[in-house]
Amino acid sequence: MKHIARKRFGQHFLVDLGIIDGIVDAIDPRPGEAMVEIGPGLGAMTNPLVARCGKLTVIELDRDLAARLAKRPELTVVQEDVLKVDFTALADHHGTRLRVVGNLPYNISTPILFHLLAYADRVVDQHFMLQKEVVDRMAAGPGGKDYGRLTVMLQWRYHIEPVLDVPPDAFDPPPRVDSSVVRMLPLPLPESVDARRLGELVAVAFSQRRKLLRHTLGRWLQDQGFGGSFDLQRRAEEVPVAEYLALAAALGA
């Protein structure tokens with residue numbers, strides 16, 4: 001029975017075999033690795049992944065698809081909203097760090113990326129299919145319109161590398177946007193940086209990105225009793241990630 005893509009789950013199923021092979025080659029799964037796929041859908045990537053690594057854990061919210069996948073002995077199915085999944089527990093279950101992959105639902109891709117941030121130390125790498133404009137923002141350097149809160153909050157924990165672009169006609173149904181695959185490699189956690197504090201100051205900095213930082217971040221730093229020096233005669237998009245990290249470290253928890 002043909003599964004009809006459900007709009008509320010943001011389902012767009014990958015069908016181009018050449019693209020699928022390219023993605024799996026980029027991931028390069030090996031036997032014995034703890035591979036986790038988010039949103040396996042109809043199994044377009046699941047099948048070639050499991051062919052290379054032997055076993056696979058899949059996270060699928062759609063009850064009908066989860067039931068179909070559960071019939072396969074080589075798959076461990078977690079029928080759950082990925083935003084509620086405890087990846088630390090998954091890593092503990094496997095006894096090793098995870099390799100996480102997925103064609104992420106574009107309507108909740110950013111919340112998924114932020115959810116996974118908390119588990120970066122339990123992950124070897126992440127490969128995701130995302131809307132191309134999101135990947136452009138993730139990988140952006142300072143000074144351009146793509147550089148923003150998402151950029152800073154991901155680049156402080158990951159090395160981010162676009163892998164390949166995917167056209168709409170590689171999917172059924174085709175999305176209205178271009179897509180890209182991105183590779184995310186966790187970086188060592190800077191001991192002096194408090195994640196909550198960094199998130200707070202970056203949100204303030206980009207709250208009015210057209211204004212100079214003295215109008216936004218400057219007032220906030222004053223309220224925090226910050227006595228150090230920081231160049232506020234710039235816009236938020238002009239400040240490199242390393243400077244945001246240094247500022248967060250100077251502020252402490």
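Checked by atom type and distance alone, the side chain of E60 never pairs as donor or acceptor with a backbone atom of D81 at under 3.5 Å. A donor-acceptor contact shorter than 3.5 Å links the side chain of R99 to the backbone of I27. Formation of a donor-acceptor pair under 3.5 Å by the S180 side chain with backbone atoms of D165 is not found in this model. Without hydrogens or angle criteria, Y244 side chain to G199 main chain gives no donor-acceptor distance under 3.5 Å. A distance-only check finds a donor-acceptor pair linking the side chain of E238 to the backbone of R235 [under 3.5 Å]. With E33 contributing its side chain and R30 its backbone, the two residues share a donor-acceptor pair below 3.5 Å.
When all heavy atoms of D16 and G18 are compared, the pair lying nearest together is OD1-N, 3.0 Å. In this structure, A140 and T151 approach most closely via the heavy-atom pair O-CG2, 3.4 Å. Contact between P167 and D178 at its shortest, heavy atoms only, is CA-OD1, 4.4 Å. The shortest non-hydrogen separation linking H115 to L83 is CE1-O, 3.2 Å. R122 and A91 make their closest contact through NH2-CB, 3.7 Å (heavy atoms, listed as atom of the first residue, atom of the second, distance).
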Would you be so kind as to tabulate the donor-acceptor pairs closer than 3.5 Å made by side chains of residues 35-45, with sequence neighbours excluded?
residue, atom, partner, partner atom, Å
E37, OE1, T46, OG1, 2.6

Enumerate, atom names and distances included, each donor-acceptor pair closer than 3.5 Å involving a side-chain atom of residues 183-193, sequence neighbours excluded.
residue, atom, partner, partner atom, Å
R183, NE, H127, NE2, 2.9
R183, NH1, E161, OE1, 3.3
R183, NH1, E161, OE2, 3.3
R183, NH2, A26, O, 3.0

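Taking the centre and axis of the six-membered ring of F114, the NZ or CZ atom of R149 falls inside the cone set by 45° and 6.0 Å.
Contact annotation: the side chain of L221 approaches that of L232 to within less than 4.5 Å [non-hydrogen atoms, C-beta and beyond]. M153 is listed as a side-chain neighbour of W156, based on a closest heavy-atom distance under 4.5 Å. A 4.5 Å side-chain heavy-atom check between T57 and H94 finds at least one atom pair inside the cut-off. Residues V241 and Y147 meet the side-chain proximity criterion, which asks for heavy atoms closer than 4.5 Å. Taking the side chain as every heavy atom from C-beta outward, L201 and Q224 never approach each other to under 4.5 Å. Looking only at side-chain heavy atoms (C-beta outward), V182 and L130 come within less than 4.5 Å of each other. Using a 4.5 Å heavy-atom cutoff, the side chains of L14 and I19 are in contact. Using a 4.5 Å heavy-atom cutoff, the side chains of I112 and L116 are in contact.
Residue L247 holds its CG atom at 9.0 Å from CZ of R197, rounded to the nearest 0.5 Å. Atoms CD1 and CG, on I20 and N103 in that order, are 9.5 Å from each other to the nearest 0.5 Å. Between the CZ atom of R72 and the CG atom of L56 there is a distance of 8.5 Å, given to the nearest 0.5 Å. We find the CG-CD1 distance between D28 and I23 to be 14.5 Å, quoted to the nearest 0.5 Å. Rounded to the nearest 0.5 Å, atoms CZ (R52) and CG (N47) are 13.0 Å apart. A distance of 6.5 Å separates CZ in R157 from CG in D121, rounded to the nearest 0.5 Å.
Side chains of T76 and H93: a donor-acceptor N/O pair is absent below 3.5 angstrom, by distance only.
Both L117 and V100 sit in one connected hydrophobic cluster of ILVMFWY residues. Membership requires side-chain heavy atoms under 4.5 Å apart, directly or through other members. At a threshold of 4.5 Å between side-chain heavy atoms, the hydrophobic network of Ile, Leu, Val, Met, Phe, Trp and Tyr places V163 and Y106 in one connected group. Residues F206 and L251 share a single hydrophobic cluster, defined by chaining ILVMFWY side chains whose heavy atoms lie under 4.5 Å apart. Linking Ile, Leu, Val, Met, Phe, Trp and Tyr residues whenever their side-chain heavy atoms come within less than 4.5 Å leaves L212 and F230 in two separate clusters. Criterion: ILVMFWY side-chain heavy atoms under 4.5 Å apart, direct or through other members. Under it, V239 and W220 are part of a common hydrophobic cluster.
Contact check on K132 versus D136 returns a salt bridge, with a Lys/Arg side-chain nitrogen under 4.0 Å from an Asp/Glu carboxylate oxygen. For K145 and E237, the salt-bridge test fails: no basic side-chain N is under 4.0 Å from an acidic carboxylate O.
For Q222, the CD atom sits in a loose shell: 12 or fewer heavy atoms of surrounding residues, nucleotides or ligands are nearer than 6.0 Å.
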